[in-house]
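Each ligand, and each atom within it, is numbered from 1 in the order the structure gives. Scope of the values below: all heavy atoms of this structure, side chains included, with no hydrogens, waters or symmetry mates.
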Amino acid sequence: MKKNISVELASRVKHLPPYLFASIDKMKQKAIEKGIDLIDLSIGDPDIPTPSHIVNAMKKAIQNPVNHRYPSYEGMLSFREAVSCWYKKRFDVKLDPHKEILSLIGSKEGIGHIPLAFINPGDIVLVPSPGYPVYATGTLFAGGKTFFMPLREENNFLPDMDVIPKNILKKTKIIFLNYPNNPTSVTAPSQFFKQVIDIALKYNIIICHDASYTEIYDNEKPLSFMQIPGAKKAGIEFHSLSKTYNMTGWRIGFAVGNRDVLAGLGKIKTNLDSGVFQAIQEAAIVALNTDNTVLSEIRNIYQERRNALYIGLKKLGMHLIKPKATFYVWVKVPLKFDSMGFVSHLLNRAGVLATPGNGFGEEGEGYIRFSLTAPVARIKEAVDRISRVL
Ligand SMILES: *Cc1c(COP(=O)(O)O)cnc(C)c1O
């Protein structure tokens with residue numbers, strides 16, 4: 001008998017930054033085995049089910065044999081028209097469904113793939129830190145170099161564009177931004193987007209704005225980057241049905257904006273995937289037409305949870321960022337801890353699981369992220385338990 005072949009990972013995989021969330025998973029597993037009644041506030045995945053009118057639309061669409069065949073990679077025209085109507089209604093932004101909208105198998109798919117369309121070895125991609133990890137891994141897979149833009153509290157968690165060196169900007173092909181922001185929960189003002197558009201036009205940089213959380217807000221409706229004059233000249237916006245309609249498992253999102261950028265992403269997609277299952281697109285059309293009362297109910301649920309956690313932790317004297325949107329709360333760890341140390345303290349002593357901020361990049365060190373993806377009673381209990389171990 002021959003030995004197994006020796007399996008060696010490619011260097012692009014070997015050189016991935018360490019995946020902190022795997023060690024969190026281990027800690028979590030251990031806690032559960034010990035019989036701890038765990039309150040898991042670590043995952044960015046809604047606990048609320050997909051609204052039933054969307055599920056029912058899927059039931060109907062799946063019966064239709066037309067939907068069983070390969071979809072088109074750019075998405076059904078009816079889906080793209082629904083996206084166009086939604087952008088007009090929600091943001092007063094006009095989009096041509098033929099050239100300015102592309103369906104995605106979740107926005108993560110588009111975010112991960114876009115560097116492949118535009119990055120040559122050595123090209124720079126500007127990536128926020130802390131940030132959604134896919135911006136950096138997509139860049140690495142394409143052979144690009146990441147230049148991390150720190151998001152700091154003194155700058156309202158916006159990158160300071162003025163300190164990025166000119167020689168970096170000259171080699172930059174893509175900038176990733178994400179507002180409302182995961183993990184810090186802040187929103188961006190239009191002046192900031194304007195400043196980035198000016199820089200992008202000057203240095204020929206593609207702006208990729210990740211807008212996954214525009215519908216999950218506290219009081220003020222967040223902006224779409226597409227509302228800013230000049231946005232279409234300089235970039236695209238990624239959007240998703242995952243967070244807005246509690247559809248993370250369905251895998252559908254879309255990108256809108258600059259047609260040449262979308263065409264480049266489309267070239268990658270035609271060679272790698274075959275589009276989104278049409279029955280899911282049919283259900284997504286129904287989702288995009290969802291009555292505002294359903295969405296305000298979802299927002300109210302998060303608002304109640306947000307208040308419970310924010311006010312609760314504030315009363316304990318913790319330093320935390322006032323959340324404007326998303327379903328996260330970004331909390332500074334007490335001085336004697338680092339992020340990982342505080343997460344394991346809370347897990348082992350209080351049975352509450354949060355995500356260490358450094359899992360989102362070096363600049364997240366010193367913070368932890370709570371997700372509001374548990375019922376309000378559990379969140380109140382989490383605060384109560386935390387109060388006993390601080
Ligand atoms: C959840 C999330 C995504 C991915 O959403 P999908 O559409 O489900 O792939 C993208 N960006 C951010 C910041 C997210 O939090």
Protein contact to atom 13 (C) of ligand 1 [nearest heavy atom, distance to 0.1 Å]: Asp210 OD2, 3.3 Å

For atom 8 (O) of ligand 1, the protein heavy atom that lies nearest, with its residue and separation: Ser242 OG, 2.6 Å

Lys30 and Glu33 ion-paired at < 4.0 Å: no

Residues Lys324 and Asp218 bridged, charged N to O under 4.0 Å: no

Distance (rounded to the nearest 0.5 Å) between Asp260 CG and Phe118 CZ: 8.0 Å

Reported CD-to-CG distance for the pair Glu215 and Leu241, which is rounded to 0.5 angstrom: 10.0 Å

Thr248/Asp45 under side chain to side chain donor-acceptor pair (under 3.5 Å): CA gap, chis, key distance, verdict: CA-CA 7 Å; Thr248 48; Asp45 190 354; 2.6 Å; yes

Region of Ser107 that comes within reach of ligand 1 [heavy atoms, distance under 4.0 Å]: both

Closest to atom 2 (C) of ligand 1 among Arg251, Lys108, Lys243 (heavy-atom distance): Lys243

Ser240-ligand 1 polar pair, N/O distance under 3.5 Å: yes

Contact check: Glu109 vs ligand 1, nitrogen or oxygen atoms, below 3.5 angstrom: no

Any non-hydrogen atom of [X] lying under 4.0 Å from ligand 1?
X: Tyr213; result: yes
X: Asn178; result: yes
X: Gly106; result: yes
X: Ser212; result: yes

Between Gln227 and Tyr87, a side-chain donor and acceptor under 3.5 Å: no

Trp86 and Phe91 aromatic ring geometry - parallel, tilted or perpendicular at 30°/60° bounds: perpendicular

